Amino acid sequence: MSGDGRASEGGEEEVRGARRIPGPRGAVDDLDLESVPRPLLPPPGPAAPDGAVPEQSAAEPPGPAAPERAGPEPSGPEDSGPEDAGPRDPGPEDAGPAQAGPAQAGPAQAGPAQAGPAQAGPAQAGPEQLAPHPFAPHPATPDQATPEPLMTSAPGTGLSHRVLQALLGAWALSACSAEETAAVEDHLTECAPCADEALRLRDAVGLLHTDGSLDLDPTLRSRVMDGCLGRRPARIPVPEHAAPYDAETARLDALLRDIGDSEWHAPVRLRWFEEEREVSRRTTVAGVIGHLTAVDGLLSAALGLDDPLGRGETPQDPIERTERYWSAAQRPPTRTVREPWRAQSHELIRTASFAGRNVAEASVSYGAFALPLQDALLDRAFECWVHGGDIADAVDYPYQAPAAAHLHRMIDLAARLLPAAVAGRRRAGLAGPAKELVTAGAPGRSVHLEIEGHGGGDWFIALDSPAALGSPERAVAQVALDGVEFCRLAAGHISPVEAAAGQEGDREAIRDVLFATASLSRL
């Protein structure tokens, strides 16, 4: 080593491969710098000597004085500033203590530390001129192409990825314009993250929209009652034959609670069939409830309860009872008719429940015909549902069909009444003559009545005698109807010609059954 602290020429060759003691290590050294683009070094100035830029691939060998740096180095500007956070390029200042400061450099020691400002490159920069942070943006050079962005705008729309992503919520709600919708859908075919987000948003929108009726599920009341009775059985349960009437009066009462005072005067047209023509009568919502109250009084009288028409001689025909009740009621009737009707229905259910099967076969007279009490309760449940639908149409309110089990029993009652209705029309000259008379209880010519959908089933209607037995082996025709459609026909709300029935077989027998079904209707 020379007296000025520099290694001799031969010594340089001997120690060139020795490892230097590294300087302080910053957190940025832990990064994978190989994956970060390095800044380009500017070309050296014209006056820079060939050896002015040190070789960057190999470390500068330390001099013999290097062991003196094993301990802590004295604190200095180069040791405490932020430049220690990055990797340091080897330079003459690491050769030994004699070269630590620029004041010790002589004219003979011209090296990178003494290069002029025109010759200074990133490797010769001082503590304040270290290489920029690897993640900092650097200007593009002519030799370097501009990188393309990760997310581009949709072609032909001019909308960026960020804008299209913000439109996903409106797109899921179908609130975008036609142009925005087309741009978003084109973008979804190219951007997988946005496509996943759009799918999640569309599923969420499906949970917000309910296309069902606003009315309560007709089976809700029975399910709640079953759950309650399962925990605590009633001491006196409602008999099975009274359950449809109980459910339909409760549903109609819920509708009446929701309508306003003015809606009680909304016009309602009651329709039914007489012989082969449609008959109608105009009234109001309050008038319909008065009609139900008057006809339900027939069951009250059969059970020994008070008749809403009062004491004394009262007519049995439903039309005559309704006319008398309307004439005696307050003009015009208002919502005050609801409480008497509801109290009467509660009393009927309570009395039928206490009496049980003892009164199920009690006869209830309708004037021209009579029904056992269990069938009369089904008849009143059917009429309550039909007129509930009339009221709902008048006040623009949704109203669903009864529960399937209850509707099936109502259809069964109508099917059991059809042989007598066909015979009555035959006596009036409105139906074809009997072709094969048989003894009572024997199978006779029949029509296969197939009820599809809600509350459906199969029934065989005897044609020639009400005492004959319907038989599939003697079926001469088949009629297929939807369950609700059949009930509308039996209520007189559609004509036999309008009924959407699938027909096969004897046309005359089919016509007789369809018109007999419509003749079951009444006010």
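Since this is a predicted model, take the numbers as computed values, not measurements.
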Inset, instruction - Tell me, please, whether Trp171 has Arg202 positioned over its six-membered ring: NZ or CZ under 6.0 Å from the ring centre and within 45 degrees of its axis? - result: yes
Inset, instruction - List the atom of Ala286, the atom of Thr334, and the distance in Å for their closest heavy-atom pair. - result: CB-O, 3.7 Å
Legend entry - Within 6.0 angstrom of Glu278 CD, more than 12 heavy atoms from elsewhere: yes
Legend entry - Neighbour count above 12 (heavy atom, 6.0 Å) for Glu452 CD: yes
Legend entry - Distance-minimising heavy-atom pair for Leu489 and Ala499: CD2-CB, 4.4 Å
Inset, instruction - Measure from the side-chain N and O atoms of Glu339 to the backbone N and O of Thr336, and report whether any donor-acceptor pair falls under 3.5 Å. - result: no
Inset, instruction - Mind checking the CG-CG spacing from Asp186 to Leu164? Nearest 0.5 Å is all I need. - result: 9.5 Å
Inset, instruction - For the pair Arg338 and Asp253, evaluate salt bridge (Lys or Arg N to Asp or Glu O under 4.0 Å) and give the outcome as yes or no after the intermediate values. - result: CA-CA 8 Å; Arg338 174 185 160 270; Asp253 186 57; 2.8 Å; yes
Inset, instruction - Kindly indicate whether the side chain of Glu248, heavy atoms from C-beta on, has any atom under 4.5 Å from the side chain of Met410. - result: yes
Inset, instruction - Answer yes if the side chains of Arg350 and Ser353 hold a donor-acceptor pair under 3.5 Å, and no otherwise. - result: no
Inset, instruction - Compare all side-chain heavy atoms of Cys228 with those of Val224 and state whether any distance is below 4.5 angstrom. - result: yes
Legend entry - Spacing of CG belonging to Leu168 relative to SG belonging to Cys194, to within rounding of 0.5 Å: 5.0 Å
Inset, instruction - Could I get the full list of ring pair (Phe, Tyr, Trp, His ring centres under 6.0 Å) partners for His291, not counting sequence neighbours? - result: His387
Legend entry - Modelled atom types, side-chain donor and acceptor of Ser280 and Arg271, under 3.5 Å: no
Legend entry - CG-CD1 distance between Asp458 and Ile451, expressed to the nearest 0.5 angstrom: 8.5 Å
Inset, instruction - Take Val337 and Trp264, measure what side-chain contact (heavy atoms from CB on, under 4.5 Å) needs, and give me the verdict at the end. - result: CA-CA 10 Å; Val337 300; Trp264 282 86; 3.8 Å; yes
Inset, instruction - Could you tell me which non-hydrogen atom of Ala243 sits nearest to which non-hydrogen atom of His406, and how far apart they are? - result: O-CE1, 4.0 Å
Legend entry - Residue pair Trp272 / His493, side-chain heavy-atom distance below 4.5 Å: no
Inset, instruction - Show your reasoning for whether salt bridge (Lys or Arg N to Asp or Glu O under 4.0 Å) applies to Arg200 and Asp196. - result: CA-CA 6 Å; Arg200 288 192 293 268; Asp196 293 340; 5.4 Å; no
Legend entry - Residue pair His454 / Asp482, side-chain donor-acceptor N/O under 3.5 Å: no
Inset, instruction - Please name the pair of heavy atoms, one in Ala183 and one in Leu159, separated by the smallest distance, quoted to 0.1 Å. - result: CB-CD1, 4.0 Å
Legend entry - Value rounded to 0.5 Å, distance of CZ in Arg342 from CG in Leu256: 9.5 Å
Inset, instruction - Give a yes or no on whether the backbone of Ser177 and the side-chain of Glu180 come within a donor-acceptor separation of less than 3.5 Å. - result: yes
Inset, instruction - Hey, could you give me the CZ/CD distance between Arg335 and Glu263, rounded to the nearest 0.5 Å? - result: 9.5 Å
Legend entry - Close side-chain approach of Cys384 to Trp341, heavy-atom, < 4.5 Å: yes
Legend entry - Note, Leu514 side chain near Leu481 side chain (heavy atom, < 4.5 Å): yes
Legend entry - Residue list, ring pair (Phe, Tyr, Trp, His ring centres under 6.0 Å) with His241, at least two apart or on another chain: none
Inset, instruction - Calculate, to the nearest 0.5 Å, the distance between atoms CZ and CG belonging to Phe460 and Leu418 respectively. - result: 14.0 Å
Legend entry - Sub-4.5 Å side-chain heavy-atom contact between Tyr397 and Ile391: no
Inset, instruction - Could you tell me whether Glu383 and Arg380 have a side-chain N and a carboxylate O separated by less than 4.0 Å? - result: yes
Legend entry - Ring centers of His408, Trp459 separated by less than 6.0 Å: yes
Inset, instruction - Could you tell me which non-hydrogen atom of Phe273 sits nearest to which non-hydrogen atom of Ile494, and how far apart they are? - result: CE1-O, 3.7 Å
Inset, instruction - Decide yes or no for Leu377 and Pro244: does some side-chain heavy atom of the first lie under 4.5 Å from some side-chain heavy atom of the second? - result: no
Inset, instruction - State which residue, out of Leu378, Leu348, Val238, Asp379, fulfils the side chain to side chain contact (heavy atoms under 4.5 Å, CB included) condition with Tyr245. - result: Leu348
Legend entry - Any side-chain heavy-atom pair of Tyr399 and Leu252 under 4.5 Å: yes
Legend entry - salt bridge (charged side-chain N to carboxylate O under 4.0 Å, His left out) against Asp203, all qualifying residues, sequence neighbours excluded: none
Inset, instruction - Check Ala518 against Pro496 and note the closest heavy-atom contact, atom names and distance. - result: CB-CG, 3.8 Å
Inset, instruction - Apply side-chain contact (heavy atoms from CB on, under 4.5 Å) to the pair Val288 and Thr283, showing each step before the final yes or no. - result: CA-CA 7 Å; Val288 174; Thr283 183; 3.9 Å; yes
Inset, instruction - Report yes or no: do Gln503 and Gln478 form a side-chain donor-acceptor pair below 3.5 Å? - result: no
